[in-house]
There are 2 protein chains.
Amino acid sequence: MRAGLNAERVTVAGADLADEVGFGEVTLSALAERLGVKVASLYSHVAGLGDLQTRIALLALAELADLAAGELAGRAGRDALAALGGVFRDYAREHPGRYAAAQHPLDHETALASAGPRHAAMTRAVLRDYHLAEPDRTHAVRLLGSVFHGYVSLELRGAFSHSAPDSQESWVRVIDSLDALLRSWPTTDDDPRT
Amino acid sequence: MRAGLNAERVTVAGADLADEVGFGEVTLSALAERLGVKVASLYSHVAGLGDLQTRIALLALAELADLAAGELAGRAGRDALAALGGVFRDYAREHPGRYAAAQHPLDHETALASAGPRHAAMTRAVLRDYHLAEPDRTHAVRLLGSVFHGYVSLELRGAFSHSAPDSQESWVRVIDSLDALLRSWPTTDDDPRT
DNA sequence: TAATTCACCTACAGGCATTAGGTAAATTCC
DNA sequence: GGAATTTACCTAATGCCTGTAGGTGAATTA
């Protein structure tokens, strides 16, 4: 009896498994068992464990980009900022394994073909309303990426769950702070430090 | 002939190996070979791979806390902020394996006995100069942690190395931004959103 | 110098990734 | 509709890694 697998079904099953047991704990053995198939059979669809990890990472990046594109449509300013951050935060909480996979290192060529560039473009789009000129725009992109990724990572690790106030409150304040910061961004044409 | 090992020597060697090949790639096999010893001999000093990983994590957290304490002495305000962030950033670049180990999850009991609480205390100390009352102080602690960890993680992953301007410039701007943000932190006794 | 400790060893079992080579089900072609 | 081809899946075997059991000899202590 054939199970009717292909590369995408295997990848999705791997992503689901990652969400349940953690990305680093995904093994071909466990995945094969879940799919009702022998381990060697998986090699007909993916090149090995490393290839599977890369495919899950690409899946997660694409899903994240699609979600972000949907939430960002028709929003601007603080609204867009909160929406973009919220996509990352919600995705990480609903799909921790997929979110971890999205941090998996990709070689340069693969990264360029991934949804990574779409992410960068969307962050730039969110900043459009704040009217920053280069290089400040790039500095701001990096700051937003750092805050979103950092906050979500720490929250996922439980770093904010053992002390008051609730993490949700801090999240709202962080978004507010970023919004205020971007509005009053100090434009620096000559900074003696740089 | 005896190699004269003990738990600490094994842990330090493991940390050095992690800095060279990555924390996730540390194996007892490779570590034993590097120490000129058979794999089974390592079990006289550490309880297994998991225990070794925990010990490397605790070592990294302690080293980071010691470095931070040293750099923070006698500094305040933006100076202290830059020093604390710089410790994380420099440590991660010089010791990527140790930095990755510091993110290794610890069970609650172990985390409490680790240098983790010292880190929290030092971040609060840096904020002293900005005169924030609770719960704003905690929100700010979480923001700083997020930015530092997020920026360092992304930079380490090479996310900022394929576009101008130089990451160092963005780092200085991020520190400046945080300083400005903390100085003008909007004190909110009643925020209708929370 | 004798007893004890313990750092290190050999030998083995189990789990996982990976490859080689085979079989039968699905698909394609005439 | 039957033959040829493709391919999804299999069994079998190898090698690396973690982890355990039990032994040996060097260092330490009495």
Side-chain angles (χ1 to χ4, degrees), chain A residues 1-60 97-98 100-101 103-107 110, chain B residues 1-60 97-98 100-101 103-107 110:
Chain A
M1 186 175 28
R2 292 197 171 194
L5 297 183
N6 57 40
E8 188 181 341
R9 281 178 195 277
V10 170
T11 302
V12 171
D16 292 344
L17 179 59
D19 284 337
E20 292 170 24
V21 305
F23 182 64
E25 282 67 41
V26 170
T27 66
L28 293 181
S29 300
L31 184 56
E33 189 173 11
R34 150 182 301 234
L35 291 170
V37 136
K38 299 296 178 181
V39 176
S41 308
L42 295 177
Y43 284 83
S44 300
H45 308 291
V46 299
L49 179 62
D51 181 46
L52 174 67
Q53 290 169 332
T54 301
R55 286 170 186 270
I56 298 175
L58 294 174
L59 172 69
R98 280 170 160 88
Q103 320 306 324
H104 188 69
L106 302 174
D107 54 74
T110 310
Chain B
M1 183 175 34
R2 293 197 171 194
L5 298 182
N6 56 39
E8 189 181 340
R9 281 177 194 277
V10 170
T11 303
V12 171
D16 292 345
L17 179 59
D19 284 336
E20 291 171 23
V21 306
F23 182 64
E25 281 67 41
V26 170
T27 66
L28 294 181
S29 301
L31 184 55
E33 189 172 12
R34 151 182 300 235
L35 290 170
V37 137
K38 299 298 177 180
V39 177
S41 307
L42 295 178
Y43 285 83
S44 300
H45 308 290
V46 298
L49 180 62
D51 180 45
L52 174 67
Q53 290 170 332
T54 300
R55 286 171 187 269
I56 298 175
L58 294 174
L59 171 69
R98 281 169 158 88
Q103 321 306 323
H104 188 69
L106 302 174
D107 54 75
T110 309

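Within every chain, numbering begins at 1; the chains are lettered A, B, ... in the order of the sequence lines, protein sequences first and strands thereafter.
- Judged purely by atom type and a 3.5 angstrom limit, A/T110 has no side-chain atom pairing as donor or acceptor with the backbone of A/L106.
- Under the 3.5 Å distance criterion, the side-chain polar atoms of B/D19 are matched with a main-chain donor or acceptor of B/R98.
- Note: CG (B/N6) to C1' (D/dA27) measures 15 Å, nearest angstrom.
- A heavy atom lying under 4.0 Å from DNA chain C marks the following residues of residues 24-50 of chain B, by number: B/V37, B/K38, B/A40, B/S41, B/S44, B/H45.
- Going from atom CD1 of A/I56 over to atom CG of A/L31 covers 7.5 Å, rounded to the nearest 0.5 Å.
- Partners of A/E20 by side-chain hydrogen bond (donor to acceptor under 3.5 Å, both in side chains), not counting sequence neighbours, listed by chain and number: A/R34.
- Screening residues 46-60 of chain B for salt bridge (Lys or Arg N to Asp or Glu O under 4.0 Å), with sequence neighbours left out, gives B/D51-B/R55.
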